[in-house]
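Just so it is clear, the model here is predicted, and its values are computed rather than measured. This chain uses plain numbering: 1 for the first residue, then up along the sequence.
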Amino acid sequence: MDEEKANYYVIIPASVRYDNRLTANEKLLYGEITSLCDDKGECIATNKHLSELLRISKLTVSRGIANLEKLGYIERLMIFKNNSKEIDYRILKSKTYHSR
């Protein structure tokens with residue numbers, strides 16, 4: 001998936017919108033992640049890309065992803081390079097994703 005191709009809109013379900021454990025930036029981050037998902041519900045956008053889209057720091061993105069994962073809204077999968085412990089890329093999957 002081309003991480004540059006975001007949808008023109010985001011859908012943030014009520015469970016995310018009204019969760020007081022999430023900051024406003026984390027709610028928007030969730031929406032951006034799901035808008036960048038492919039037809040399998042997977043997003044490969046980097047923290048750098050997400051930080052540029054939302055005009056927030058990479059650290060804020062990293063903390064937001066960690067909190068969204070902790071609260072069960074997303075799943076983070078690390079894909080490692082062959083025969084290595086080095087991360088090749090990361091997949092973010094929404095646990096509440098619905099295809100369009």
Answer yes or no: does atom CZ of Arg63 have more than 12 heavy-atom neighbours from other residues, nucleotides or ligands under 6.0 Å?
-> no
Closest heavy-atom pair and its distance - Leu77, Lys93 | CD1-CD, 3.8 Å
Working to the nearest 0.5 Å, report the span between SG of Cys37 and CD of Glu42.
-> 8.0 Å
Step by step, would you call Ile79 with Arg90 a side-chain contact (heavy atoms from CB on, under 4.5 Å)?
-> CA-CA 6 Å; Ile79 308 303; Arg90 170 197 67 198; over 6 Å; no
In terms of heavy-atom contacts, does OH of Tyr89 have more than 12 from other residues, nucleotides or ligands at under 6.0 Å?
-> no
Partners passing side chain to side chain donor-acceptor pair (under 3.5 Å) against Arg76 (at least two apart in sequence or in another chain) = Glu69
Go through the structure and list residues passing salt bridge (Lys or Arg N to Asp or Glu O under 4.0 Å) with Lys81, not counting sequence neighbours.
-> Glu86
Which heavy-atom pair separates Ser51 from Ile56 by the least distance, and what is that distance?
-> CB-O, 2.9 Å
When rounded to the nearest 0.5 angstrom, what is the spacing between CD in Glu32 and CG in Leu92?
-> 12.0 Å
Nearest 0.5 Å, what's the CD1-CD1 distance between Ile44 and Ile91?
-> 8.0 Å
Does the Glu52 side chain pair with the main chain of His49, one donor and one acceptor, at a distance under 3.5 Å?
-> no
Would Tyr73 and Asp19 count as having a side-chain donor-acceptor pair, cut-off 3.5 Å?
-> yes
Counting N and O atoms only, with roles assigned by atom type, does the side chain of Asn67 sit under 3.5 Å from a partner on the main chain of Arg21, one being a donor and the other an acceptor?
-> yes
Ile11 versus Pro13, closest heavy-atom pair with distance = O-CD, 3.7 Å
When rounded to the nearest 0.5 angstrom, what is the spacing between CG in Leu29 and OG1 in Thr23?
-> 8.5 Å
Measure the NZ-CG distance between Lys58 and Asn47 for me, rounded to the nearest 0.5 Å.
-> 8.0 Å
With Arg55, which residues qualify under salt bridge (Lys or Arg N to Asp or Glu O under 4.0 Å), at least two apart?
-> none
Rounded to the nearest 0.5 Å, the CG atom of Leu28 sits from the CG atom of Leu22 at a distance of 12.0 Å
Backbone N/O of Leu59 and side chain of Ser62: donor-acceptor pair under 3.5 Å | no
Between Tyr30 and Ile12 the two heavy atoms that sit nearest each other are CD2-CG2, 4.4 Å
Looking just at side-chain N and O atoms, do Tyr9 and Ser35 make a donor-acceptor pair shorter than 3.5 Å?
-> no
Could you please spell out the steps behind the side-chain contact (heavy atoms from CB on, under 4.5 Å) verdict for Ile65 and Ile33?
-> CA-CA 9 Å; Ile65 288 171; Ile33 289 168; 4.3 Å; yes
